[in-house]
2 protein chains.
Amino acid sequence: MLLRHVRTGRARSRADLVALTGASRNTVSARVDQLISANLLEEGGRGWSTGGRPPTLLRFNSRAGCVLAVDLGVTSVDVAVTDLSAQILGTVGHPIDIADGPAPVLAEVDRLAQQVLAEVGLTPADVCAVGVGVPGPVEFSTGRPSHPPIMPGWHDYPVPSAFGRYDCPVYVDNDVNVMALGEMGVAGSVQDVLVVKVGTGIGCGVIVDGRVYRGAQGSAGDIGHIHVAQPDGRTVACRCGQDNCLEAIAGGGALLRDAIAAGLPVATVREVVRLAAQGDGVALGLVRDAGRTIGTVLASLVNFFNPHRIVMTGGVAQAGVPLLAGIREAVYRRSMPLAARALEITVSEAPDLSGRVGAALMAIEEYLDEDSVQALAR
Amino acid sequence: MLLRHVRTGRARSRADLVALTGASRNTVSARVDQLISANLLEEGGRGWSTGGRPPTLLRFNSRAGCVLAVDLGVTSVDVAVTDLSAQILGTVGHPIDIADGPAPVLAEVDRLAQQVLAEVGLTPADVCAVGVGVPGPVEFSTGRPSHPPIMPGWHDYPVPSAFGRYDCPVYVDNDVNVMALGEMGVAGSVQDVLVVKVGTGIGCGVIVDGRVYRGAQGSAGDIGHIHVAQPDGRTVACRCGQDNCLEAIAGGGALLRDAIAAGLPVATVREVVRLAAQGDGVALGLVRDAGRTIGTVLASLVNFFNPHRIVMTGGVAQAGVPLLAGIREAVYRRSMPLAARALEITVSEAPDLSGRVGAALMAIEEYLDEDSVQALAR
DNA sequence: GGACTAATGGTCAGAAGTGAGCAAAAGTCT
DNA sequence: AGACTTTTGCTCACTTCTGACCATTAGTCC
């Protein structure tokens, strides 16, 4: 509990901790000593005086261990080793096909993990926790995917079992939830945030009060299949079987399809995004249109959810400004002024990293809440 | 804390409390004794044995005090006195015009409150807390309305000051949030619920984990002005200045307007609802259409929020089955099966009471969390 | 009736946190 | 240099909660 305050930067000294927790100086002092002797905290010199004795600064010892972060995508997987502040020490990626099923894919993950660990000079015994993001719904408590539509063969597969090599807890969650944690950053602010991932599909991580909101069946944030009316009455079929789903109109797949139809020389979404970034008029128009469509949906969600912030991430979000422009245009036009006025809409600063960082953060947070660590500090 | 478990029915004996709180028998026993001597709990005979000595049942003593519940509407106000289980002991209503401003309206409320108190044989000194629901946004911590669109003259008025006669805390909140509490019931389940009020306007109370969710600016649940595409391309102006807001198309005002346009002999929404209840074909059609329109919006919210339950309330909700039919049709057609399958959509059992019950519950919950009561139990 | 079981009460030593008080350290301000 | 302030460490009496143990009560099961 004290650890959390220091890690998130809310407290930098014992005195801060006393003020924050309301506990007595006595208790705080004792606990801090325990944490220091358990090597989870360090003293870090003196701070700036405010008229009296300057505080002894406390620092979270992020070198006290490392975690394995796995960002499993549909066509590729990224594995990273980070310290306990989610700083990436080493990382490696590899193309895969998620449809090959859990056994071969996770064997590849295992190989990559050993490779990265070796690169940064660590051994499996140094790993304190493993965090995995997968592109589909997951029963968080068991780490088993639950009827994932784009991960055939993965239903109910015990993903944690693939990390038996590491004698530590393994946490598995939906990639969008994981990314949402990554976008929150280690700052751990207690805000209500939407993290919208626009990749091939469209998903949304929902943060209520700084924590992931999952809903009744754990499917909250599934905005990719919200029905969108087309102004021209056009009907677009979605892979889910319905018509006019958001992601069928404004997702990465749709963007690529429309780009090809418009005669652009592209074969992947990434190329469309690159063209837009280079200022190609047609690509810009397509991206902006996608932004507008996404914006109409987000406008409704802003009215309903009244978030502090919306962060865009995923491959298409790398298009940046033109996408944002379309989204902002639609949101500010159609949301209630009270909710829209203070709303920040931004693009992730490192959309390609947030999966790994988020997986690491999830692992770190859960690990540090573990009873075993609590006991270590005694 | 123990009180909450007993009140919500999660614990019925000391043994239950030990299991629920994880505290030692010793501690629980002492605390329970304190609560009994503070008259907040009662022993209530023996329970059903499960092989050994049967438990001594504990009951929350709902007669330990009473609360004042005020449901302030646009055209009427209802005042009730309830016990600490939100059971209504006496109630009275009166037509008002909220636009008359706070002073005359609250004077009337004060008069009504004294009248009800006298009827049930209680005095102002017996009142432990006051709960007020108002039809507009409220800064909860101060009890002041915040730029309410349909309460001219109420902005920043300190509503609690009108209850100086009662030497107790006064809690003021948006009527939809209050109703949402009422619909949750005293059961206090930790679920994610949407309570949708369809009256003249349309609003939505959002319950996350059994508690009211308010969002960044406190305007969460403001779904009345979500933009809805009209299939025929028609444009309907809303009082908010935008076009095609949900409540401009499917709210009570819209329903009345359309009913008159269709030639029905009605002058109020209530009459349209009554006609529909009597089986009038045209009225039924209008209500069902409104349900469908509301359903399309709720379908999006179901995908996003994945609630356990949706409860419909407010004047139009009294139409019951035809409204529900329209909503269910749209929701089940357009929401993801995983989220929709387990979703319950119901109509409030007593839409006209939930405002008062909710206001009472809000007052009770906040009051029992007060430090003064905690101290009383010492 | 007798064995067993579950719920409760009471006692007591020990662990943990609280609050107050005192002292020392290391700055700022005059 | 001396007064003052803030941070930290340490002690000590006091309170609260815990866990263990034993006893009592009031049921069920055989």
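No hydrogens, no waters, no symmetry mates; every other heavy atom, side chains included, goes into these values. Residue numbers begin at 1 in each chain, while the letters A, B, ... track the order of the sequences. Just so it is clear, the structure is predicted and the values come from calculations on it, not from any experiment.
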Kindly indicate, with the supporting measurements, whether the criterion side chain to side chain donor-acceptor pair (under 3.5 Å) is fulfilled by B/Glu183 and B/Ser348.
-> CA-CA 7 Å; B/Glu183 293 299 339; B/Ser348 166; 2.5 Å; yes

Taking for A/Ala23 and for B/Leu57 the nucleotide of DNA chain C with the nearest heavy atom, the one nearer the 5' end belongs to B/Leu57

Between D/dT16 (P) and B/Gln34 (CD): distance, integer Å | 9 Å

Considering heavy-atom distances to DNA chain C, does A/Gly22 or B/Ser13 have its closest nucleotide positioned more toward the 5' end?
-> B/Ser13

Interatomic distance, A/Arg14 CZ vs C/dA25 P [rounded to whole Å] = 16 Å

Quick one: CG on B/Leu17 to CZ on B/Arg31, what's the gap to the nearest 0.5 Å?
-> 12.0 Å

Short N-O contact, A/Arg214 and A/Glu139, less than 4.0 angstrom | no

Rounded distance in Å - CD (B/Glu43) to P (C/dA7) = 15 Å

Check if the side chain of B/Asn26 and the base of D/dT16 share a donor-acceptor pair of N or O atoms closer than 3.5 Å.
-> no

If you look at every strand shown and take non-hydrogen atoms under 4.0 Å, does A/Ser29 touch a base, only sugar-phosphate, or nothing?
-> sugar-phosphate

Verify, without hydrogens or angle tests, whether B/Asn61 (side chain) and B/Arg63 (backbone) share a donor-acceptor contact under 3.5 angstrom.
-> yes

Please check if the side chain of A/Asn177 supplies one atom and the backbone of A/Ala180 the other of a donor-acceptor pair under 3.5 Å.
-> no

So what does A/Ala30 hit on the nucleic acid, given a heavy-atom distance under 4.0 Å: a base, only sugar-phosphate, or nothing?
-> nothing

Start with the C-alpha distance between A/Tyr213 and B/Phe305, add both sets of side-chain angles, then the distance that settles ring pair (Phe, Tyr, Trp, His ring centres under 6.0 Å), and finish with yes or no.
-> CA-CA 9 Å; A/Tyr213 170 83; B/Phe305 189 67; 5.0 Å; yes

From A/Glu366 CD over to A/Tyr171 OH, what is the distance, rounded to the nearest 0.5 angstrom?
-> 5.5 Å

Output, in order, the C-alpha distance, side-chain angles, deciding distance and verdict of side chain to side chain donor-acceptor pair (under 3.5 Å) for B/Arg46 and B/Thr56.
-> CA-CA 5 Å; B/Arg46 306 223 163 269; B/Thr56 312; 3.1 Å; yes

Separation of B/Ile36 atom CD1 from C/dT8 atom P, in whole Å?
-> 11 Å

Give the rounded distance in Å between these two atoms: CG of B/Leu41 and P of C/dT8.
-> 13 Å

Pairing residues for A/Asp126 by the side-chain hydrogen bond (donor to acceptor under 3.5 Å, both in side chains) criterion, not counting sequence neighbours = A/Thr123

Find the bend of the helix from C/dG1-D/dC30 to C/dT30-D/dA1 as the angle between its two terminal axes (five pairs each), to the nearest 10°.
-> 30°

Is the distance from OP1 or OP2 of C/dT18 to the nearest side-chain N or O of A/Thr27 less than 4.0 Å?
-> yes

For A/Leu17 and C/dG17, what is the distance between atoms CG and C1' respectively, to the nearest whole Å?
-> 16 Å

Given protein heavy atoms under 4.0 Å, the one-letter contact record of nucleotides 21-30 of chain D, with B base, S sugar-phosphate only and - none, is simply B--BBBBS--

